[in-house]
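Just below is one structure, and these are the notes that go with it.
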Protein chains: 2
Amino acid sequence: MADTARRPEPRYGTRPTMKDVAARAGVGLKTVSRVVNAEPGVTPDTERRVQEAIEALGFRRNDSARVLRKGRTASIGLVLEDLADPFYGPLNRAVEEVARAHGALLINGSSAEDPDREQELVLALCARRVDGLIVIPAGHDHRYLEPEIKAGVATVFVDRPAGRIDADTVLSDSFGGARSGAAHLIAHGHRRIGFIGDQPRIHTAIERLRGYRTAMAEAGLEIHDDWVSLGTTAPERVREAVTAMLAGPEPVTAIFAGNNRVTVTAVRVLAAHHRPVAFVGFDDIELADLLDPGVTVIAQDAATLGRTAAERLFSRLDGAVDAPSRVVVPTRLIARGSGEIRPSA
Amino acid sequence: MADTARRPEPRYGTRPTMKDVAARAGVGLKTVSRVVNAEPGVTPDTERRVQEAIEALGFRRNDSARVLRKGRTASIGLVLEDLADPFYGPLNRAVEEVARAHGALLINGSSAEDPDREQELVLALCARRVDGLIVIPAGHDHRYLEPEIKAGVATVFVDRPAGRIDADTVLSDSFGGARSGAAHLIAHGHRRIGFIGDQPRIHTAIERLRGYRTAMAEAGLEIHDDWVSLGTTAPERVREAVTAMLAGPEPVTAIFAGNNRVTVTAVRVLAAHHRPVAFVGFDDIELADLLDPGVTVIAQDAATLGRTAAERLFSRLDGAVDAPSRVVVPTRLIARGSGEIRPSA
DNA sequence: TAGGCCCTGGACAACGTTGTCAGGTGAATG
DNA sequence: CATTCACCTGACAACGTTGTCCAGGGCCTA
């Protein structure tokens, strides 16, 4: 009764360790470890005693210590551009499914399209000793990853290629998709087609622009400077761009949008426009089929993108040592009406 | 030339440690630690030598070891229901912003609405020794968290309340929102109003149903059994439910949808229906304003939900010890047309 | 009954970092 | 010139776990 202070039980705010469990069960430390890890060589009776002690103390293995000892963390990191962008939801989920199937935990964060933040995040994940990384890059120089890769951190880039290093990459066919999208509009009689894309430092933005340019060139069409707008995808800016293209003496009769954020704004502007304008967007958007007209899009398969990247990552972790590969996932044109409008002028 | 094997540099696949850095810089281990952690008491010259060695070796601190020593991980876990659900995107992002502002990493995973998976995930995060947890619960019994909370893991529940334990909670006003949504339809002359909700084991589904019932009762309206459908939100099932409500001798003239997944399916069905039916959905959806008619919704503020929860979490981590609180975030009715249609029969 | 084998359990070191503390060097002061 | 003091630096233990290795005891066989 005198000295309850001699900590008979771990104090509040302190976690029990295997040592505590061992003491309570009256066994050795290693025996507890064996029970916790379901290793063979423990009598059923001993195991029961240990289990009871674990239960009673609320013991939970400290994985930090475990990692320190074992070297592997059974976790992978996913760095994406914007957690709130609906395009990344299915990708994120696909990666998580694969990670889960391999018994790994997924740690993720978003770079907000800022190269410094991307690097900071990636290095923080490396300091946590993730086994592998899946990165949707914001920057263009990933040499900072060299020591990590050399140290055995498997790395796969998705959606955009790595900069200045050679690494596994999984991409959507931005060029081909954009080309077929623009060709679709051309096939429906359009000659003056506008393009609104993301910032030119983003790889997919450049590729999509290139696809548009190629389709136009293949049809022998010139592109007026005023028809192309690249920059941030902030709604007001897109709104201005669309409005500008539709004004003037020679307005465009069709618009091709370079990504989903541009699409939603462009569709809003076009809905309010006095004359029908043909439209094709890159990336599918929810409810696109219910609008009037339905929105024709070049759909990317975000889930396949994520799944493919994650599987590549785990094959690396399982020991694959072949040269870095580049996988291109095809896109699909979904005609819903907006892309099939014929020029009115 | 004889024994290059005496590993002059760390081998491939092995990471340099502070010891390696110390050896190369010709200083003590602790000095390296001081430089890495920007602790005071190192000569500029010594610091430079250490920095060079770090650079040359590509050293990166092992945070697992650090955590083991320090006890805190500077990371929090977020367990949500479905990473691909657009509703959780902004929530996820808001949490990440707050975490980042506090210098913490965010680890997340989704439970896929499976209580066992939720528990598994939460405990895995605890084993990683996250400092805190934000949980969108799938299950109804969170007593398994008691040892964790006792051990000092701050825990906040969002979107749905915790089961059988007392914990901080941040909720949307599901009851009030649903009540005002149903009241809105009643105010526009509807008497026969259908409700399609999620599975009744989900708290928000029950609250929304209760809000609907309350509004009906307050208006002195009876609810026919056939007007209420609760269950999975799989498209075919919702489709059937809507179709059933619109058939028969006394079809509903308005429908209230219990969440965003129900809304998108219901809107599709109603668009194909021969007679206009009033509609209000819980949760906003993108492009709702562009549909014809625009979709009237009860909008939740997912970002505020996430931000509030994260801030509560960090105030706990900073030492707040007051009783668990329950915050209710108000919803907002956004009238866009579909909810203002008057009954046609 | 004795010898040997297998099975179980435990002592100990190591993983890479940080906190503690003591030693050592140089400048400033008496 | 001796002493004090401040400041830098490094040796050492500890965090909680797992791998290695050895000891002891029970059981089977000759």
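Heavy-atom contacts from other residues, nucleotides or ligands closer than 6.0 Å to CD of B:Glu52 number more than 12. Within 6.0 Å of CD on A:Glu39 lie more than 12 heavy atoms contributed by other residues, nucleotides or ligands.
Donor-acceptor pairing under 3.5 Å is lacking for the side chains of B:Arg128 and A:Asn62.
As judged by a 4.0 angstrom heavy-atom cut-off over every strand, A:Val36 is placed among residues making no nucleic acid contact. Residue contacts shown for B:Asn37 are limited to sugar-phosphate atoms, with no base heavy atom under 4.0 Å away. Among the atoms of the strands shown, none is found under 4.0 Å from any heavy atom of B:Val67.
Residues forming a salt bridge (Lys or Arg N to Asp or Glu O under 4.0 Å) with A:Arg129 (at least two apart in sequence, or on another chain): none.
Considering only side-chain N and O atoms, A:Thr43 lies nowhere under 4.0 angstrom from the phosphate OP1 or OP2 of C:dC7.
Where DNA chain D meets chain B (any atom under 4.0 Å from a heavy atom), the bounding nucleotides read 5' to 3' are D:dC8 to D:dG16.
Between B:Asp318 and B:Arg316 there is no salt bridge, since none of the side-chain N atoms of the basic residue sits less than 4.0 Å from a carboxylate O of the acidic one.
Identified under the salt bridge (charged side-chain N to carboxylate O under 4.0 Å, His left out) test for residues 98-114 of chain A, with sequence neighbours left out: A:Arg100-B:Glu120, A:Glu113-A:Arg160.
Taking the six-membered ring where tryptophan is involved, the planes of A:Phe314 and A:His102 are essentially parallel, since the angle between them stays under 30° and well short of 60°.
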Anything under 3.5 Å between a donor and an acceptor, one on a side chain of residues 90-98 of chain B, the other on a protein residue two or more places apart or in another chain? List them.
unit_1: B:Asn92; atom_1: OD1; unit_2: B:Asn108; atom_2: ND2; d: 3.2
unit_1: B:Arg93; atom_1: NH1; unit_2: A:Asp82; atom_2: OD1; d: 2.4
unit_1: B:Arg93; atom_1: NH1; unit_2: A:Asp82; atom_2: OD2; d: 2.9
unit_1: B:Glu96; atom_1: OE1; unit_2: A:Ser110; atom_2: OG; d: 2.6
unit_1: B:Glu96; atom_1: OE2; unit_2: A:Ser110; atom_2: N; d: 2.7

Nucleotides 10-12 of chain C: which of its N/O atoms have a protein N/O under 3.5 Å away?
unit_1: C:dG10; atom_1: OP1; unit_2: A:Gly28; atom_2: N; d: 3.3
unit_1: C:dG10; atom_1: OP2; unit_2: A:Gly28; atom_2: N; d: 2.3
unit_1: C:dG10; atom_1: OP2; unit_2: A:Thr31; atom_2: OG1; d: 2.9
unit_1: C:dG10; atom_1: N7; unit_2: A:Arg34; atom_2: NH2; d: 2.9
unit_1: C:dG10; atom_1: O6; unit_2: A:Arg34; atom_2: NH2; d: 3.4

Can you pull every protein N or O that's under 3.5 Å from an N or O on nucleotides 24-27 of chain C?
none

